[in-house]
Amino acid sequence: MDATPRLYASTPLRLNHTIETEVLAIDSAAPDPGVIARAAAVVRRGGLVAFPTETVYGLGANALDADAVGRIFAAKERAADDPLIVHLADAGQLATVAREVPPLAVALAAAFWPGPLTLVLPKRAEVPAAVTAGLDSVAVRVPRHPVAHALIATAGVPVAAPSANRFTRTSATTAAHVLEDLGGRIDMVLDGGPAEAGIESTVVAVYADGVSVLRPGAVPTEAIAEVVQRADPAATIRTGAREKVSPGMMAKHYAPRARLTYVTGPREAALARVRALVAEELAAGRRAALLLSDEDLEALADLAPALTASLGPRGDHTTAARRLFAALRELDQRGAESVFAIAPETMTGYARAIDDRLRRAAARVE
Ligand code: TXA
Ligand code: MG
């Protein structure tokens, strides 16, 4: 396999120097231990390594090194009040970052780790304030992706990793997306091909008496509810924050350059609304784009001059999740000025997460 480094450099706007970003190809199914060892060494010496996970690409640094964590915020131009997820090699290390692990957290970890679930728990003092944006809680996840797992295990430290995109932009689901946003700003990218789910982990705050789903994600909310109910039939299951809203949940996120209109409601009415809006755009000479299922694109085929991007077969939320962020980036690259998407018809599986991301990417929700 080709592990020859390719170097990538760009001139970032707000950093005073450019660094060389080494790109190493890696087999996602069977990561080369030599490549992993090089990446782990970068993490241990305080550098930044982007790597694939089963959700999206992460931008990793040693979570116990406040300077390294500071570099994540600088590279992404991320607001300092938006806390990071700490990634562990296995659930056994939970006590090194979390000061308390309520029984519901134990049940959720047993059900979904390794995997795309993030638990928000009371933090230990050893976790730098920079990681948690000064909060008394820490978000923790044990990823399932073999490259992510091998990197964290070999580095031997917890790895703080946000999604590997510029702040407020669409999450990166390929190494090319990472380079587009962060080339010249980070030390290394492990290119293991496209991320599997395409949508981020589900973030769940866990309390003694219940849970709050803070961010819908790759573990469906109904699957979380089932495990919580089984573990404690009296537990409460909320969506949204119990106290103050996590800064990362703020609206201005995942935004493409093009102006996104997200149309909700019954399908026929939504299609009619998109048809009218897009016809208006085209008449005004603007480059409008449709981000829809194959069936919906077919139904609007008469809007021929519009750019199109397919989210896959209608109702196939797994394919839609995998394609969503890449499609938004691609439409930007093709020069779309406005993008039109319609809401999933049933909120099962990844649909809730897709709906959440489109709402937050949208300039207008109808
Ligand atoms: O799938 C994922 O979760 C990816 C991969 C790389 O693991 N990571 C990711 O990180 O999406 P990021 O930084 O883009 O999103 C982390 C989310 C943010 O919305 C943040 O506000 C929330 O987790 N979060 C982190 N720490 C928190 C805390 N202590 N309390 C509440 N929310 C927290
Ligand atoms: Mg993110």
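Numbers here are sequence positions counted from 1. Just follow the structure's listing: the first ligand is 1, and inside any ligand the first atom is 1.
Judged purely by distance below 3.5 Å, without hydrogens or angles, the side chains of E200 and S163 never pair a donor atom with an acceptor atom. In the model, T55 has no side-chain atom that pairs as donor or acceptor with a side-chain atom of S201 under 3.5 Å. Residues R141 and T53 bring a donor and an acceptor atom of their side chains to less than 3.5 Å of each other.
Heavy-atom contacts from other residues, nucleotides or ligands closer than 6.0 Å to CZ of R267 number more than 12.
For atom 20 (C) of ligand 1, the choice among P83, G60, A218 with the nearest heavy atom turns out to be P83. Selection from A172, P52, G58, A50 by nearest heavy atom to atom 6 (C) of ligand 1 gives G58. Proximity annotation for atom 3 (O) of ligand 1: of A205, A197, G134, S201, S201 comes nearest, heavy atoms only. Residue nearest to atom 26 (N) of ligand 1, selected from A139, S171, A79, A148: A139 (by heavy-atom distance).
Note on R71 versus D67: no salt bridge recorded, every NZ/NE/NH1/NH2 to OD/OE distance being 4.0 Å or above. Taking a cutoff of 4.0 Å between a charged side-chain nitrogen and a carboxylate oxygen, E281 and R286 qualify as a salt bridge. Residues R359 and D355 are paired through a salt bridge, judged by an N-O separation under 4.0 Å between the basic side chain and the carboxylate. Ion pair E77/R185 flagged as a salt bridge, since at least one NZ, NE, NH1 or NH2 atom sits closer than 4.0 Å to an Asp/Glu carboxylate oxygen.
Taking every heavy atom of T55 and a limit of under 4.0 angstrom, the matching atoms of ligand 1 come to 1 (O), 2 (C), 4 (C), 5 (C). For ligand 1 and S137, the ligand atoms under 4.0 Å from any heavy atom of the residue are 28 (C), 29 (N), 30 (N). Set against the non-hydrogen atoms of L135, the atoms of ligand 1 under 4.0 Å away are 28 (C), 29 (N), 30 (N). The distance from ligand 1 to the heavy atoms of H87 drops below 4.0 Å at these ligand atoms: 5 (C), 6 (C), 7 (O). Shown in contact with E200 at under 4.0 Å from a heavy atom are these atoms of ligand 1, numbered in order with element: 1 (O), 2 (C), 11 (O).
Contact annotation: for K123 versus ligand 1, there are no heavy atoms closer than 4.0 Å. Residue contacts with ligand 1, taken as heavy atom pairs separated by less than 4.0 Å, involve L84 solely via the backbone atoms N, CA, C and O.
In terms of modelled atom types and a separation under 3.5 Å, the side chain of D332 and the main chain of A258 share a donor-acceptor contact. With hydrogens and angles disregarded, a donor-acceptor distance shorter than 3.5 Å links the side chain of H149 to the backbone of A89.
Assignment of V120 to the shell around ligand 1 is supported, since a heavy atom sits closer than 4.0 Å. In this structure, R78 has a heavy atom closer than 4.0 Å to ligand 1.
Polar contact check, T118 against ligand 1: no nitrogen or oxygen pair lies under 3.5 Å apart.
Within the coordination shell of the Mg ion (ligand 2), defined by N, O or S atoms under 2.8 Å, N165 is absent.
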